[in-house]
Structure formats: structure tokens, C-alpha cells
Amino acid sequence: MSGNRSRGGGGGYSNGYNPSNMESGMSASETNANIMEQQNNDRIDELSEQVARLKGLTIDIGNEVKEQNSLLDDMGDGFANTRDLLAGSLRRIGTMLESGGAKHMCYMVGFVVFVMVFLYWVMTHKGTDGA
């Protein structure tokens with residue numbers, strides 16, 4: 001009776017060696033290694049997905065920066081054109097004032113005041129009528 005119990009339960013061997021469990025002990029080690037390998041593969045897959053997302057974001061950011069730079073360049077060109085237009089207008093106004101005197105100055109001031117009042121009226125009525 002004691003022979004069967006010591007062999008089947010594994011308690012009869014002093015060094016832990018049990019011939020019936022030798023294959024299951026190795027398979028447990030292999031199973032453990034396989035589980036760890038699977039976890040590592042899962043984490044590698046997760047990292048790959050995150051890297052792919054980050055790559056996509058950096059590409060999108062790069063495209064956005066290019067678009068913004070293009071818009072800023074266009075705005076700079078527009079401001080340069082406006083500056084040139086205003087400089088030409090001021091030069092012509094100066095020439096007109098030198099040749100025409102105070103009469104032309106009064107006409108111009110009246111015109112500017114009219115334009116400002118008209119723009120104010122348009123902006124205030126646009127806000128109330130458009131709602």
C-alpha cells in the first residue's frame with residue numbers, strides 16, 4: 001500500500017523526481033514559455049499599432065504644417081500687394097493735394113466720412129437682420 005501511494009502522489013521521492021510527472025513538468029515549462037512568448041507578441045503588436053498611429057499623426061501634422069506655411073506665404077504676398085496699393089494711393093493723394101489745395105482735401109474728407117458711416121450702418125444692420 002505504501003508503494004502505490006508514494007509513486008502516484010509523488011511524495012515518496014526525496015529529490016522531487018517523479019517519473020510519471022516528468023513529461024508534464026517539461027510541458028508546464030514549455031507552456032509557461034509559450035504564454036510569455038504570446039504575451040510578448042501581443043505587446044509587440046500593440047506597440048506596432050501605436051507606432052503606426054503615431055506615424056500617421058506625424059504625417060498629418062507635417063501635411064498641416066505645409067498647408068499652413070502655404071497659406072502664410074499667400075497672406076504675406078497679399079499684404080505686400082496691399083502695402084504697394086496703399087503706397088501708390090497715398091502718393092497720388094499727396095500729388096492731388098499739392099496741386100488742388102484745400103478744396104480737394106474737403107471733398108476727400110467728406111468721402112471718407114461717408115464711407116465710414118455707410119460701413120458702420122451696413123455692419124449694424126447686417127447683425128440685426130441676419131439673425
Side-chain angles (χ1 to χ4, degrees):
M1 254 179 142
S2 68
N4 285 344
R5 188 169 46 131
S6 65
R7 247 184 221 250
Y13 299 99
S14 61
N15 63 0
Y17 175 77
N18 188 347
S20 65
N21 289 334
M22 185 174 174
E23 286 182 33
S24 66
M26 290 178 72
S27 69
S29 172
E30 290 174 356
T31 302
N32 230 4
N34 287 339
I35 290 172
M36 292 181 77
E37 184 72 25
Q38 183 62 38
Q39 288 174 348
N40 285 341
N41 289 339
D42 291 344
R43 289 194 176 120
I44 289 171
D45 291 341
E46 290 173 9
L47 284 174
S48 296
E49 290 173 7
Q50 290 176 354
V51 167
R53 272 185 268 154
L54 287 174
K55 181 181 177 184
L57 284 173
T58 55
I59 289 171
D60 290 345
I61 289 171
N63 291 338
E64 185 67 26
V65 166
K66 287 177 187 175
E67 289 177 24
Q68 294 296 326
N69 282 338
S70 173
L71 289 174
L72 288 174
D73 289 342
D74 291 344
M75 284 179 58
D77 294 342
F79 283 131
N81 292 339
T82 303
R83 183 188 65 226
D84 294 341
L85 181 66
L86 286 174
S89 296
L90 289 175
R91 191 172 46 252
R92 277 185 251 125
I93 289 172
T95 304
M96 182 185 72
L97 289 177
E98 287 175 3
S99 66
K103 181 179 169 186
H104 287 111
M105 180 63 139
C106 288
Y107 286 144
M108 188 162 57
V109 168
F111 176 73
V112 168
V113 169
F114 172 76
V115 167
M116 295 302 251
V117 169
F118 178 74
L119 289 175
Y120 175 76
W121 179 79
V122 167
M123 295 302 284
T124 56
H125 287 324
K126 180 183 177 186
T128 57
D129 293 339

Would you call Arg43 and Leu47 a side-chain contact if the rule is heavy atoms closer than 4.5 Å? no
Can you find a side-chain donor-acceptor pair between Glu46 and Gln50 that sits under 3.5 Å? no
If you measure from CG on Leu119 to OG1 on Thr124, what distance do you get to the nearest 0.5 Å? 10.5 Å
What's the separation between atom CG in Asn40 and atom CD in Gln38, rounded to the nearest 0.5 Å? 9.5 Å
Hey, quick one: are Val65 and Leu71 part of the same hydrophobic cluster, counting side-chain heavy atoms closer than 4.5 Å, chains of contacts allowed? no
Phe114 and Phe118 aromatic ring geometry - parallel, tilted or perpendicular at 30°/60° bounds: parallel
Kindly compute the distance separating CD (Glu49) from CG (Leu54), expressed to the nearest 0.5 Å. 12.0 Å
Regarding Glu30 and Asn34, do their side chains bring together a donor and an acceptor under 3.5 Å, going by distance alone? no
Gap separating the OG1 atom of Thr82 from the CE atom of Met75, nearest 0.5 angstrom: 10.5 Å
One should read off an interatomic distance between Lys66 NZ and Asn69 CG, to the nearest 0.5 angstrom, of 10.0 Å
State plainly whether one hydrophobic cluster holds both Val109 and Val117, where clusters connect Ile, Leu, Val, Met, Phe, Trp and Tyr through side-chain heavy atoms under 4.5 angstrom apart. yes
When rounded to the nearest 0.5 Å, the distance separating CG of Leu72 from CZ of Phe79 is 10.0 Å
